[in-house]
> 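Pasting a structure below so you can have a look.
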Amino acid sequence: MTVVQKYGGTSVGSVERLRNVARRVAARAEGEQLAVVVSAMGKSTDDLLALAREVNPRPPRRETDLLMATGEMVSSALLTMALIDIGCPAVALTGAQAGVFTDETFGRARIRNIDTWRMHEEFSAGNVVVVAGFQGQSPQGDYATLGRGGSDTSAVALGAALEADQVEIYTDVQGIYTTDPRIEPKARCLKDIASEEMLEAAQQGAGVMHPRAVELGLLYEIPILVASSQAEFGSGGGTLIRKEVQMEPENRVRTIALDRDVSSVTLRHVPDRPGIASQIFGPLADAGISVDTIVQNASELQLTDLTFTVTGDDWERTREISRPLAAELGAADVLFAHDLVKVSLIGTGMQSGPGYAATMFRSLSDAGINIELITTSEIRITCLVRAERGEEAVRVLHAAFALDEEV
Ligand code: ADP
Ligand code: ASP
Ligand code: MG
């Protein structure tokens, strides 16, 4: 059996925790081919970024990636030393040494292919292979990182390349919950969740899994177990992300996600003529900014209002690009809001049951929480609300849909 395990930042955040991980890895390695992907220790990626910004407020992307990649090298080297110390043969590899090749988009590189010969060679020599997550080698031979939280994606990509039987993601919670347990302590840990549901949740801000990791799991049909790095090994528990999930006895919301970093741009009174949307979104797409939600109001007197949202650090550049665009298009006004969050209900069961949206809107309104924007997909309903009410909105909805109760 071939298994890929991944340990997140908190799980390798101290010498004591590294030793704990080494014991678990050694136990799992008995008779199996085991690749272990590690994140940087604790918050060290944040520390490295802060350091970069101290010497240059706008650090160059190539060197930022080189710097950030060192975090995962530290933890992979240390974990390997801890493994060897307890008699478990192991070897540490950087992403490049493990054969992870990416494109050249520094900061959010995509994995192009993985050449597994070195890992197979190490398996044949009886080694556990400890791979630095979050990184790969660009076509020019540079270090490129996969985007924050990207070690999950390294793990699932290695799982696909090695044709692993399972990928195990070990983290600081017991598995995937009905919502972030830090926001709602009554949240329940799910036994399993459909890949499509997890993909929506990850894309909508549930930080527990990197969206591209879930996407790869779905594409290559690899079951992913998310579990605690603290629980006793083999004690069961955790959440299985997989293609088919047993039908719930009743339709329900499976999980609620909160995306904390949403900004919106509203162009007011834009002349409503064919082509305006492409004039606005073309330049944003050219700048590599992915626009999230677009709402255009019904036009009145040939004028329309158009609102769109972006997430994360695309905000600054979006503002830079859309201000002159608004003037060019003859908009009366352009409004920016940087204090929004997205609250999403997710569940495949919602497709067939009516009333979810109505209950969501009523519950928020009863709590006096104003909805700024609404968007939906087949298995998701999202409301944008003001950031200061975001966590409360999650708790209100968690209670409204009785997610703390076992079905
Ligand atoms: P790691 O460093 O192991 O990658 P992360 O911090 O990236 O860990 O992800 C784990 C965190 O994700 C948890 O501590 C939890 O606060 C958060 N989280 C958000 N949504 C959920 C959810 N639905 N289920 C479990 N954890 C969640
Ligand atoms: N160390 C990286 C980060 O903090 C990657 C990861 O942890 O997955 O984003
Ligand atoms: Mg993570």
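Computed from a predicted model, the values in this text were never measured in an experiment. Just follow the structure's listing: the first ligand is 1, and inside any ligand the first atom is 1. Atom set for the values below is all heavy atoms of this structure, side chains included, hydrogens, waters and symmetry mates excluded.
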> Report the nearest protein non-hydrogen atom to atom 7 (O) of ligand 2: residue, atom name, distance rounded to 0.1 Å.
Ser39 OG, 3.0 Å

> Ignoring hydrogens, just give me the one of Ala201, Gly175, Ser229, Gly207 whose non-hydrogen atom is nearest atom 7 (O) of ligand 1.
Gly207

> What's the spacing between Gln135 CD and Met73 CE if we round to 0.5 Å?
4.5 Å

> Do Lys6 and Asp152 touch side chain to side chain, with heavy atoms closer than 4.5 Å?
yes

> Does only the side chain of Pro181 get under 4.0 Å from ligand 1, or the backbone, or both, or neither? Count heavy atoms.
side chain

> Taking C-beta and beyond as the side chain, do Arg148 and Asp46 meet within less than 4.5 Å on heavy atoms?
yes

> So, does Lys6 sit close enough to ligand 1 that a heavy atom of it is under 4.0 Å from the ligand?
yes

> Could you tell me whether Asp180 approaches ligand 1 through its side chain, its backbone, both or neither, with non-hydrogen atoms closer than 4.0 Å?
both

> Below a 4.0 angstrom heavy-atom separation, can you tell me which part of Met68, side chain or backbone, both or neither, approaches ligand 2?
neither

> Using the ring of each side chain (for Trp, its six-membered ring), is Phe336 parallel, tilted or perpendicular to Trp315, with breaks at 30° and 60°?
perpendicular

> Using 30° and 60° as the class boundaries, would you call the ring planes of Tyr356 and Phe401 parallel, tilted or perpendicular?
parallel

> Would you check whether Gly9 reaches within less than 4.0 Å of ligand 2, judged by its heavy atoms?
no

> Is the distance between the ring centroids of Tyr143 and Phe106 under 6.0 Å?
no

> What's the shortest distance from atom 9 (O) of ligand 2 to any protein heavy atom, and which residue and atom give it?
Arg148 NE, 2.7 Å

